[in-house]
Amino acid sequence: MTDLSRTAANLDLADPLAGFRDRFRLREGLIYLDGNSLGALPRATPGRMADAVAREWGEGLITSWLGAEWSTAPRRIGDKIARLLGARPGEVIVADSTSINIFKALTAALSLRPERSVILSEKTNFPTDVYMMQGIEAFSGGRVRSVTVAPDAVLDALDENVAVLLLTQVHYKSGLVRDMAEVTRRAQQAGALVVWDLSHSAGAIPVDLNGANADFAIGCGYKFLNGGPGAPAYLFAAARHHGAMPVLSGWFGHARPFDFDEDYAPAPGIERFLCGTPQVLGLTALECGVDLMLEADMAEVRRKSLRLGELFVEAMAPLCRDHGFALASPADADRRGSQVAYSHPQGYAMIQALKELDVVADFRAPDVLRFGLTPLYLRYADVVETVARLETVCRTRAWDKPAYRERAAVT
Ligand SMILES: Cc1ncc(COP(=O)(O)O)c(C=O)c1O
Ligand SMILES: Nc1c(O)cccc1C(=O)C[C@H](N)C(=O)O
């Protein structure tokens with residue numbers, strides 16, 4: 001047993017979150033480091049889904065819309081997610097995809113700054129964020145301009161034209177954490193509003209939206225919240241912005257949807273950020289993931305995530321020295337979200353070779369190997385074992401196979 005394996009074994013024995021692993025269905029032997037793309041399946045989810053399908057849908061049919069489970073789900077689950085985000089009840093709603101919620105939050109923010117034209121972001125933001133900005137610009141007939149700048153130039157680009165700044169708090173590739181309170185303060189000082197993308201934050205790091213005086217936020221339900229593939233996303237709007245108007249004026253955002261009025265009248269609260277009929281089955285699965293997450297102490301989750309990251313970096317030191325890996329995440333653990341990333345010219349092939357050794361992580365172009373650290377179901381021993389298997393991949397040149405040379409469409 002190596003020193004690091006011994007350290008990992010001791011950390012696992014003392015881990016207060018260790019019991020959570022059994023609450024997920026994970027195949028024996030698999031090391032899953034991709035919970036930042038798609039979280040694992042909570043054991044409670046299949047039974048709950050089966051009940052929603054057979055009883056609520058199969059037996060209840062349309063009458064299930066009148067019961068509490070379905071019609072209140074977007075708000076009920078939103079209130080639960082609010083507890084993970086430092087938001088108040090009635091400030092978070094669950095609906096649609098993250099991309100659609102980006103559209104809603106950006107257009108609502110633009111409605112609050114009619115005299116300003118720019119949506120600002122960083123060039124390396126997750127592509128859908130920037131694509132949505134570009135779509136709004138294209139649709140606006142010259143009213144709106146989408147501007148992206150280098151990551152470290154964002155604050156300096158906040159001038160009197162910027163209506164809204166769109167940033168991801170934890171960068172999807174590097175894991176760099178932005179200082180939400182400070183960035184929000186600087187943007188608001190310049191007269192702009194901020195939309196935070198919390199896709200890699202919720203359930204991964206403690207978030208305090210109201211503590212940061214945040215304006216709007218959005219994020220994915222299928223990553224650290226373990227809501228399942230294509231889970232509905234969430235949207236936060238600070239109570240002071242509930243008069244803002246998202247362009248998507250669907251009937252579920254109407255003040256009285258079941259009056260079937262001829263004209264749109266927005267709901268007074270967070271419900272105006274709904275659009276069409278809620279995705280009930282997706283909401284059902286998401287609620288299982290969120291309920292499980294709420295059982296964990298977020299401070300403990302962060303503590304373990306930091307320690308997992310430090311152990312990973314420590315174990316990787318010999319591979320950086322001997323096999324050409326470079327840390328692509330901040331070296332300071334406090335500035336990393338719940339992941340570590342390394343760059344290597346053979347990154348894509350290595351991730352494929354790791355899959356054959358039952359380690360699932362992912363590759364992000366051009367050369368990044370990304371390892372998601374999910375404290376609820378990852379053990380310290382998994383981290384040490386991952387690096388041992390990566391060392392085997394390097395030593396045996398297992399990555400050097402013709403089949404690994406072409407990058408697949410989804411990596
Ligand atoms: C930061 C970030 N925003 C948004 C998304 C995705 O948005 P959507 O769920 O609409 O595909 C992802 C991941 O896919 C992401 O990492
Ligand atoms: N949403 C995804 C998908 O539909 C397929 C594959 C991956 C994803 C992801 O979530 C990617 C992820 N947001 C990322 O940070 O790279």
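Just follow the structure's listing: the first ligand is 1, and inside any ligand the first atom is 1. For this chain, numbers begin at 1 and follow the sequence in order.
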Q | Polar proximity ligand 1 side, D197 side, N/O cut 3.5 Å exclusive | A | yes
Q) So which protein heavy atom does atom 16 (O) of ligand 1 come closest to, and at what separation? A) H200 NE2, 2.7 Å
Q | atom 12 (C) of ligand 1: the protein heavy-atom neighbour that sits closest, reported with distance to 0.1 Å | A | F126 CE2, 3.4 Å
Q: Please work out which of R370, H171, Q339 has its closest non-hydrogen atom nearest to atom 15 (O) of ligand 2.
A: R370
Give every donor-acceptor pair under 3.5 Å between a side-chain atom in residues 312-333 and any protein atom, sequence neighbours left out.
unit_1, atom_1, unit_2, atom_2, d
S329, OG, S174, O, 2.8
S329, OG, A341, N, 2.8
D332, OD1, D334, N, 3.1

Could you give the side-chain donor-acceptor pairs of residues 216-234 under 3.5 Å, partners two or more places apart or in another chain?
unit_1, atom_1, unit_2, atom_2, d
K223, NZ, N36, O, 3.0
N226, OD1, A40, N, 3.3
N226, ND2, F224, O, 3.3
Y234, OH, L198, O, 3.1

Q. What is the nearest protein non-hydrogen atom to atom 7 (O) of ligand 1, stated with its residue, atom name and distance?
A. T98 CB, 3.4 Å
Q. So, the side chain of Q279 versus the backbone of D96: is there a donor-acceptor pair under 3.5 Å, distance only?
A. yes
Q) Which protein heavy atom lies closest to atom 11 (O) of ligand 1, and at what distance to 0.1 Å? A) Y222 OH, 3.6 Å
Q: Could you find the nearest protein heavy atom to atom 10 (O) of ligand 1 and give me its residue, atom name and distance?
A: S99 OG, 2.6 Å
Q: Classify the contact between I100 and ligand 1 as side chain, backbone, both or neither, using a heavy-atom distance cut-off of under 4.0 Å.
A: neither
Q) At a 4.0 Å threshold, what atoms of ligand 2 neighbour a non-hydrogen atom of Y172? A) 15 (O), 16 (O)
Q | ligand 2 contacted by K173 (non-hydrogen, < 4.0 Å) | A | no
